[in-house]
Structures are given as structure tokens and as C-alpha cells.
Amino acid sequence: MAESEVQQHADADLTAAKAEVDALTIRVIELRDAYYERDEELVSDAEYDRMMRRLDELERMFPELQSQDSPTQTVGGRAATLFDPVTHAERMLSLDNVFSIDEFTAWAAKVERDSGRRVDYLCELKIDGLAINLRYENGRLTSAATRGDGVVGEDVTENVKFINGIPARLEGEGHPPLVEVRGEIFFPVEAFKALNAEQAAAGERVFANPRNAASGSLRQKSEGKNEAGLDLMHRRLSRLRMLVHGIGAWENPPVASQSETYALLKSWGLPTSEYFRVVKTAEAAVEFIEYYGEHRDSVSHEIDGIVIKVDELYLHEELGATSRAPRWAIAYKYPPEQVNTKLLDIVVSVGRTGRATPFAVMEPARVAGSVVRQATLHNQDVVKAKGVLIGDTVVLRKAGDVIPEVLGPVVELRDGTEREFVMPTNCPECGTPLAPAKEGDIDLRCPNSRSCPAQVRGRVEHVGSRGALDIEGLGEVGAAALTQPDYPEVPPLVTEAGLFALTLDDLVDIRVGVRDRETGLRTGRTETPYQRKRKKGDPEGHDGFVPSSAATKLLDEIEKAKTKELWRMLVALSIRHVGPVAARALANYFGSLDAIRAATREELAAVDGVGGIIADALIEWFAVDWHQEILEQWAAAGVQFATPGHPGPGAAASVDGPLAGLTVVATGSLEGFTREGALEAIIAAGGKAASSVSKKTDFVAAGPGAGSKLGKAEELGVRIIDAAQFALLLKEGPAALD
DNA sequence: CACCCTCGAGTTCA
DNA sequence: CTCGAGGGTG
């Protein structure tokens, strides 16, 4: 064969290989991103693995085809990939799952029947992470491997060394010559959020959930990375955590139960979970399951269920295992927090400040225990960034515990009928052209604050809200009835100025459209919420227009609101940046609305907690003529804009009390206190009632139902107290607690 | 110039 | 209850 011919063959091979490498690279990245970012498994692990190996093979044959950002060089794959295979000394079993309490009690009944006796159950949280097998030989960590298929896993020893809390050497004495410890590697929720925030800021991909982030981080390869890349990789690994939950092969262990095993592992310096509990009955195990079902967010890591194990080790042997899973343990899986649903439309709503917010309208879907139909999309940039089209199937989840969030589209399920969302140029409620408040703002606002129905309705509702004047009957529905009734044509309230002058006559003939309970759509019927309904057989009364109790109640509540504290009045006025905290500071300092109006920018900014911007916002607000009208009409109707007995402008008397100088956060339901009451009590005792936990927080008073704040407090080492201790603290100060 | 905090908005349920 | 945005403070 002539030399040129050989060259030609090689060229042809290279060209073909390049085409294959390119195609594989695109497909693998597509699948990888779907998996890590949207949690979708589009092909089996085996299929993915086959593609990765082929890509690796080609890149080895033609090194010139290997690019810096090839999937083989960056993050590894999802299952067994390019790490060296390791055979576990003892097969790593998985757990059988149950998905309901009934299935669980059936399992427990069978266990007790097979054991011939009552058994103790060890309940623990099922961490949503990656199973890991650590091999210690003579007390030294010699190998760390992922589960893989249970028999053979991947060797990730080098990466595991960078994870905090995994000892390279066991503490204490008497370790067996060879022991395999099983655990779970995971991203703590807080660290995960921080990671994704950094990834987003750097324009990198964000992970769909902590498990994928952990998986991606653990499978990073150091080859081909420069110093900065290595540093980043190590930093990311150091944020991972591990908890151990069992032991592999071990003859004649010196312990008799699973719980004693944990104590032993702990004494060796291995991290064990704080959340496990040994219970005597299946009913108690059910309580454990239900408790954490409601408190999933009070734990520093994600959990996808509860693992229940028979505690006694000799029963493990008796009960044995199937080929896949032991019979002495079961995983109770919580309902998924992510589901797919159809994005029917993207609609824009206008809030009380005029901000236009697009939100997703979806086919009702059950997520984490409730039915969701809507979720905010924040602004048009977020809609773009998420890449959702109207008509898409989207991934929906509950962020935190409550807030529905659209993660993104399932691109594979598109059929071409989807259309892009276009941000309207005009206010959907009043037609005024939308514009950014100031140049460069992403948010668009409706500038028609005086008469845009959405804004007036929003502000009226705000006046009645708990943080402002707390008027019962003046919520979303009441505000809509007063500002946008079907009848009369001129609504009782054109702006909030008329609120305190409302009379029964204004209310009785209000008609509002009835909405369907299920769909929220208008039914075409109307009703009169403030007119007494005539019962069947009740004689035709007078002229038919008799007020209902709702009407008198509402007017009574409005009357009571006229003399509420000055700070509540300030909040009710919807002045930019003036919420409960700033309003309290202003009210304390000035004592009356007149004094605030008369103050200069400098005098306003002298108040603790008020700066130049809030001062400007106040001055600008007072300068608007229809705002003055609100004040005049409210005052004429008897609204009190001063704190009786206040000495006048000046530094507010510093409050003395048991809590002087202390910052306290109240969360959950505290026995003996309402949410508001706890806040008031803290302030009355001279303390600062903060809304979020930080380093500066001195105490977190937590009751049942406490959410993430509790976790945050634990993380920061802030002292946590219960309702009884909280009451004591309020009365006698911090010294009484010790 | 970092934090840390408050504001404002959206959401759902008992 | 949570997030982003942006203000206030050390």
C-alpha cells in the first residue's frame, strides 16, 4: 500500500470519528443536563454508560478530537462511568420500598410473624444522597466506592478524601482488620443553595436538586484541570457531608443491635445521624414517619423517606435477605415533591405597587400534599431563563414547604404547538402602557397608581391586612367587592380615600360575580354579599334591601380601625419602603403624622433604621395631591393619626425591659401566644423582634411547626427555647434560663 | 464594602 | 414561608 493511501485511510477514519465524537458529545451533554438540571432520566444508566465508554474510547484513539469541555473531562456520568471499578467485599443491597402507611404496617406485621415475637424498630431519616461504601483496613481508609450495581461500584477514594468528616483513620481501639462502613454522601440544603447561587452567578448550570449536585460533585475528575479548576473542585467536595448507617461484612460483632452499632461507629469517629430513634411498636414507627413527613424542612439535608430497621441483629440473620434487599429493613417513601404538569397559559397580574408579574397557569397537579394550579414566574427574564413555552409540559415542585415553583420544560415532550410568552406592553387591568420604574429595571410597572383597579384593590386589601390595620372582612374578596363590584357601576371605593366614610347604604346593593370553586372561573351568576339572604318561607321583607351581618361587621371593624396605633396607619398608607419596622421607628420618634409630614429629609433620616432613601420616599409620598386627599378624608372620617400622650418629635425613650439589647426570633406555634402576640411581647419587653435568624440573633423561640428557621438556628449555634422558656425569658430576662 | 436585615410579592391551607 | 432586591449599618 502506498504511503499516500495509508494517509487517506487515516483521514477517512478521523473524519468519521470526528462526526461520531461530535454526535456523542452533544447527546451525552443533553442527557447529562436533563438528568442533573431537570432530574429526568431519558435513557437507562446502562445506555448512558455505553455512550460514555464509546466516547472515551474514540478520544483515546484520536487524542486530537478530545476537547477541554468534553463530558469525559468535566463531570462524569450518572452511573458507572470512567472511574475505576471496585468490587465490594459484601454486596451492597438496596431497600424495598413502601409508599403508604398501610403497606408499612403490613410489612411490620409480617416481620413480627416471621420473628415469632414483638421487635424493636430503629427509625431513621432516608437521606436523599448517594450511597457510599468505605473500606477501612486496620483502621485506615483504603477505599471509597459508590454503590454502582451493588456488586461493583466506582472508586472515588481520591475525591472522598476532600470531604469533611470522613476520617482517614478510625479513632479508638479494637477495629476489625477489615470493615466496610456504609453511608450516604449528600449536600446539606444550605450548602446546596449557596452552590447553585454561585453557579448561577458564574453563568454555570444549576443543579436540579441536592442529590444531583452531590453526585455531580463527587464524580468530578481532576485530570485536565488547571490549578483554579482543581481548587474549585476541592472546595465543592469539602461542602459535601456524609452520615453512616450500617456496616458490611463483619463476623461476630461486639454489639447486639443496630443502635449499638451506631454508638460504636460514632466512637470510631464516624459521623452518625442525630435523628434516629428506637421504638417498641409499629404504631410508634408510624408516628415517626408522620412527624418527619411534616417536618422535612427542619432537617439540614433533604430526605425522601424514612428507613425502618429491626433493631436486634440476631433477627437480621433469622429474617435474611432476598437477592436485592434485606427483609429486616424497609424504606417508607414520601410522596414526590416534583411532578410534571401542563402549562396552560402565562398570565400577568398587577400588584398593589403596580408591578406586573407573569405567573404560570397549570393543569391542577398534586405536589407535596396539595393541589397547585398557579406559580409565579417573577418577570419576563425569568420566563426566558426557564425556557418555558405556553403548552409545554413543565416540571413543578414545592420550593421550601409551600411555594410552588416551575423548574423548567420537558423539552422532549414538545409537539410543535407550543408558543412563546410575550410580555404585554400595557397593563392587563387598566390598559396603561407599562414601563420600568427607573432605567435598567427589569420589572415593569403600571404607572397609573391612582386609578388602576388592580392597584386600588391591592392597596385596599393591604389596609385591611394583618400587618396594617387588621380589619376583619377586608381581605382579597372584600377589597374586590368594594373596588370592583359587578354593580353598581361606580364602585363604593374609587380609591382608598373613601374607606372610612363607607356606610351601610354603600354596601347593601353591591353585587359580585360568583366564581366556580374548582376552576376559579366566573360562572356568570352574581350575589349580594352584604344583603341579608331571605330564607325560604320568610315573609317578603320591606324593600328587600336589608344589610347582612357581614355588612355591619365590616363597618364595625372599620370603625375600630380608626383608633389603632399610629404605626399601623403608616403601614396602611402603602408608602414605599415603609413596612412595620420602619413605621414603628417613625411612630415612636415623631408621635404624629403631622410631625412626620413637617420633618425635613435630615430629620427623618435621623431616626434609627431610616436612611436617606426612606426619607425621600416619605417626602415624595406627601407631595402627591391625591395622597393628601386620602389623609384629609381619613382624618375627616375620624381616623386618629397620632399617639396619645406622645411628647412630640425627639429620640424615642429607649425601652427598658428584661429583653433590652436582645434579638429574638419567634417561629412555629408557641403555646400561649399568637404569631402577632409573640412579636408584640418581644417588643414590649424591650427586645428586637427579627424576622430572620442570623448571627446576631440571641434566641429562637420555636414551637411545633417551626420550619427552616430552626435548622438555620441549629447551624449557627443560636440558642433555641420552647414556649415555656420563652414566657420566662419575657418576664425575667435571659438570666432566668440558666 | 461586606454583611445583615427589611420590604414586597406570590402562594396555599386550615 | 421564601425569595430577590435593595437599603442600612459596622
Side-chain angles (χ1 to χ4, degrees), chain A residues 189-190 193-194 196-197 200-201 294-298 347-362 364-379 381-382 385 396-406 436-438 440-443 445 454-455 458-459 461-462 465-468 475-476 520 570-571 574-586 604-618 663 665-669 675 679 688-697 702 704-712 716 718:
Chain A
V189 177
E190 290 292 323
K193 281 184 195 154
N196 261 359
E294 282 166 27
H295 296 86
R296 287 169 82 163
D297 293 316
S298 65
V347 181
V348 173
S349 74
V350 174
R352 83 173 152 106
T353 63
R355 201 169 95 176
T357 310
F359 64 94
V361 177
M362 290 161 292
R366 220 184 159 72
V367 202
S370 64
V371 176
V372 173
R373 314 162 202 275
Q374 294 184 21
T376 179
L377 292 167
H378 304 291
N379 59 49
D381 281 19
V382 173
L396 176 70
R397 75 155 173 193
K398 290 275 198 78
D401 200 15
V402 271
I403 314 295
E405 179 188 6
V406 173
K438 54 181 196 317
D441 267 10
I442 293 165
D443 291 339
R445 306 190 105 94
Q455 294 184 59
R459 287 200 305 269
E461 186 188 340
H462 176 67
S465 70
R466 259 216 294 269
E476 195 183 331
L570 288 172
V571 174
S574 285
I575 302 168
R576 277 282 252 166
H577 306 128
V578 179
V581 175
R584 271 195 161 96
L586 287 162
L604 290 167
V607 178
D608 197 22
V610 178
I613 285 147
I614 295 183
D616 286 341
L618 283 158
T663 301
V665 174
T667 181
S669 53
R675 190 167 288 280
L679 242 62
K688 199 161 141 40
S691 52
S692 55
V693 180
S694 70
K695 282 194 290 203
K696 288 190 186 164
T697 312
S708 63
K709 285 178 196 166
L710 194 57
K712 187 92 190 270
L716 294 173
V718 174

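So that the names make sense, note that chain A is the first sequence line, chain B the second, and so on, each numbered from 1. Side chains are part of it too, since the values below use all heavy atoms of this structure and drop only hydrogens, waters and symmetry mates.
Between the P atom of C/dT2 and the NE2 atom of A/H378 lies a distance of 14 Å, rounded to the nearest Å. Whole-Å rounding puts the A/E461 CD to B/dT11 P distance at 13 Å. Per the geometry, CG belonging to A/D616 stands 16 Å off P belonging to C/dG6, to the nearest Å.
Under the rule for a side-chain hydrogen bond (donor to acceptor under 3.5 Å, both in side chains), the partners of A/T353 that lie at least two apart in sequence or sit in another chain are A/R445. With sequence neighbours left out, the salt bridge (Lys or Arg N to Asp or Glu O under 4.0 Å) criterion links A/R584 to A/E680. For the side chain to side chain contact (heavy atoms under 4.5 Å, CB included) test, residues two or more places apart in sequence or in another chain that qualify with A/E461 are A/E476, A/A479. Among residues two or more places apart in sequence or in another chain, the side chain to side chain contact (heavy atoms under 4.5 Å, CB included) test is passed with A/H577 by A/I613, A/I614, A/A617. Every residue meeting the side chain to side chain contact (heavy atoms under 4.5 Å, CB included) condition with A/A689, not counting sequence neighbours, appears here in chain and number order: A/L679, A/I682, A/I683.
Counting heavy atoms from C-beta on, the side chains of A/L586 and A/L604 come closer than 4.5 Å.
Distances shown here put every side-chain N or O of A/K193 at or beyond 4.0 Å from the OP1 or OP2 atom of C/dT2.
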Quiz item: Taking protein heavy atoms under 4.0 Å as touching, what does nucleotides 3-10 of chain B look like 5' to 3' if B marks base contact, S marks sugar-phosphate-only contact and - marks none?
Solution: -SSBSSSB

